[in-house]
Amino acid sequence: MLEVLFYVAITAEAMTAALAAGRRQLDWFGVCLLASVTALGGGTTRDLLLGHYPLYWVGNPYVLLLVCGAALATIIGARMMHRLRWPFLLLDSVGLVVFTIVGCNIGMEMGVHPIIVIVAGMVTGIVGGILRDVLVNEVPLVFQGELYASVSIVTAAVYYFGITAGLPSDLVVLIALAIGFPFRVLAILYGWKMPKFVYDKDLR
Amino acid sequence: MLEVLFYVAITAEAMTAALAAGRRQLDWFGVCLLASVTALGGGTTRDLLLGHYPLYWVGNPYVLLLVCGAALATIIGARMMHRLRWPFLLLDSVGLVVFTIVGCNIGMEMGVHPIIVIVAGMVTGIVGGILRDVLVNEVPLVFQGELYASVSIVTAAVYYFGITAGLPSDLVVLIALAIGFPFRVLAILYGWKMPKFVYDKDLR
Amino acid sequence: MLEVLFYVAITAEAMTAALAAGRRQLDWFGVCLLASVTALGGGTTRDLLLGHYPLYWVGNPYVLLLVCGAALATIIGARMMHRLRWPFLLLDSVGLVVFTIVGCNIGMEMGVHPIIVIVAGMVTGIVGGILRDVLVNEVPLVFQGELYASVSIVTAAVYYFGITAGLPSDLVVLIALAIGFPFRVLAILYGWKMPKFVYDKDLR
């Protein structure tokens with residue numbers, strides 16, 4: 001089940017990235033590259049930081065074709081995409097939780113410290129979106145109050161403690177989804193925000 | 001021959017990066033760093049993604065001196081550079097093809113999947129320019145319709161299939177140059193562009 | 001002593017990064033992430049480039065708690081921070097020198113070429129600040145004339161030649177500090193600047 005959700009999430013991330021590319025009027029190649037970076041950049045960053053080779057998509061290159069296919073399909077179907085706002089937000093929320101779980105799994109396989117397991121989950125969940133925003137020259141959304149990283153950290157913590165408590169892994173995946181997914185959806189619905197730090201004096 | 005062209009290409013990339021730095025009024029150190037990132041960033045990114053250590057310039061640090069030397073020479077000779085528009089564009093095109101071939105070679109040595117060989121070639125060819133644009137805070141040129149990545153992908157595919165077909169490697173290098181180089185030059189001359197994806201509805 | 005200074009420097013970098021985050025009105029999570037990237041990004045980049053695993057903070061995850069703690073303390077204490085301009089500038093200068101020395105040490109342990117030892121020191125010293133500026137969408141300060149990289153290079157060279165000359169390492173640390181620290185402070189006091197390269201003709 002996790003694997004199916006993983007591919008669904010990668011496809012959804014690729015499609016939202018393609019729409020972001022379209023808003024910046026990138027060319028078709030730029031659309032595919034931005035989709036790849038967004039969908040695979042979190043896992044790639046995690047693997048680079050942990051020294052976990054080969055990278056996922058280097059070992060399974062067909063995932064690149066999936067991502068580029070999804071991006072090109074988005075170009076063709078773009079006119080009907082604005083009707084799909086909610087499906088996309090829901091898939092994006094599922095993706096955040098699923099990516100986080102996958103990242104925690106890699107961390108635990110490598111036997112790193114619990115703090116790093118949670119960091120590995122969070123990096124997998126959120127770095128793709130940060131790279132997307134930096135590449136199209138925007139201050140990353142995730143820094144502007146969206147409850148995105150927080151959802152990822154909570155999910156990672158739940159998943160890590162569930163697994164170390166010895167619960168069956170399928171059950172822990174379900175629990176993590178059942179906590180992380182509604183948390184993110186409610187944050188969108190009710191506009192929950194992280195407090196901002198506003199500082200207007202110049203130190204230099 | 002490939003090695004000579006490789007050093008010529010690195011020098012040319014360093015010089016065009018130095019001019020880009022001058023347009024943003026960077027200081028001399030910034031000029032050298034931007035030149036290094038542009039000239040060596042593609043190969044470095046490829047090596048990080050494939051886990052191919054030591055990085056090229058770590059094993060051959062004199063290439064750093066070459067790059068910084070070329071950058072500083074550009075500062076001194078900047079006044080006559082605008083007469084050299086065409087030589088630079090031609091060298092840049094040679095560089096794109098040569099970097100792509102070098103990247104494919106590394107991929108094939110490591111025995112990765114053909115798709116990844118082509119990605120390795122493309123990353124080597126184009127990522128330096130993307131990093132340069134991100135560092136000086138511009139949306140990367142390569143996403144804005146320039147036929148740059150496409151040239152790299154075509155070159156990589158030609159090179160990969162030539163080598164796997166068992167042709168002598170010098171011949172395949174020549175064929176790849178004979179296809180990739182005029183492709184890029186014609187794209188510049190006739191203003192061939194990738195189609196853009198324009199999407200102006202906001203999903204969020 | 002080097003270790004104490006190292007933790008002081010990491011804390012100081014985290015706090016200045018938190019203030020930069022506050023000027024861009026990032027949320028609390030963004031403040032912590034920007035602090036982590038700034039304080040640990042230089043060492044992380046060095047380790048990735050040299051293939052030196054595990055990364056420092058992966059092996060010692062408590063340093064992440066230190067960085068985030070310092071960032072959150074900055075949010076709370078921000079109102080009194082503008083009185084601390086000089087202490088911060090001094091700590092930042094110590095940090096630059098200490099990070100450079102630590103980076104040189106890693107390079108020498110790995111037995112790389114002297115040029116790469118100096119590059120490893122410089123990357124450790126300055127890349128955190130570059131990543132901070134790129135993430136908040138500014139052209140990096142270090143490219144705009146500040147004598148920052150130069151101080152790092154001089155410090156690295158002094159340290160490398162001191163160690164290879166066989167002097168006791170504590171003494172070499174003191175010498176490097178005694179040269180690098182006042183160099184940076186005088187550069188700030190007297191407004192010493194690197195010359196800029198200004199080029200206003202468009203090549204393309």
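In this structure, chain B has a heavy atom under 4.5 Å from the side chain of Val31(A), while its backbone stays farther away. When heavy atoms are compared at a cutoff of 4.5 Å, Leu48(A) approaches chain B solely by way of its side chain, counted from C-beta outward. If you measure heavy-atom distances from Leu34(A) to chain B, you find no contacts under 4.5 Å at all. When heavy atoms are compared at a cutoff of 4.5 Å, Met122(B) approaches chain A solely by way of its side chain, counted from C-beta outward.
Between Ala18(A) and Phe197(B), the closest heavy-atom pair is O-CE2, 3.1 Å. Closest non-hydrogen pair, Gln25(A) versus Lys196(B), comes out as O-CD, 3.3 Å. When all heavy atoms are compared, the tightest approach of Tyr53(A) to Tyr53(B) is OH-OH, 3.9 Å.
Note: Leu49(B) leads Leu49(B), Val112(B), Val198(B) in heavy-atom pairs under 4.5 Å with chain A.
Two residues are said to be in side-chain contact when any heavy atoms from C-beta on lie closer than 4.5 Å; Trp57(A) and Ile115(B) fail this criterion. Using a 4.5 Å cut-off on side-chain heavy atoms (C-beta onward), Val119(B) and Val58(A) make no contact.
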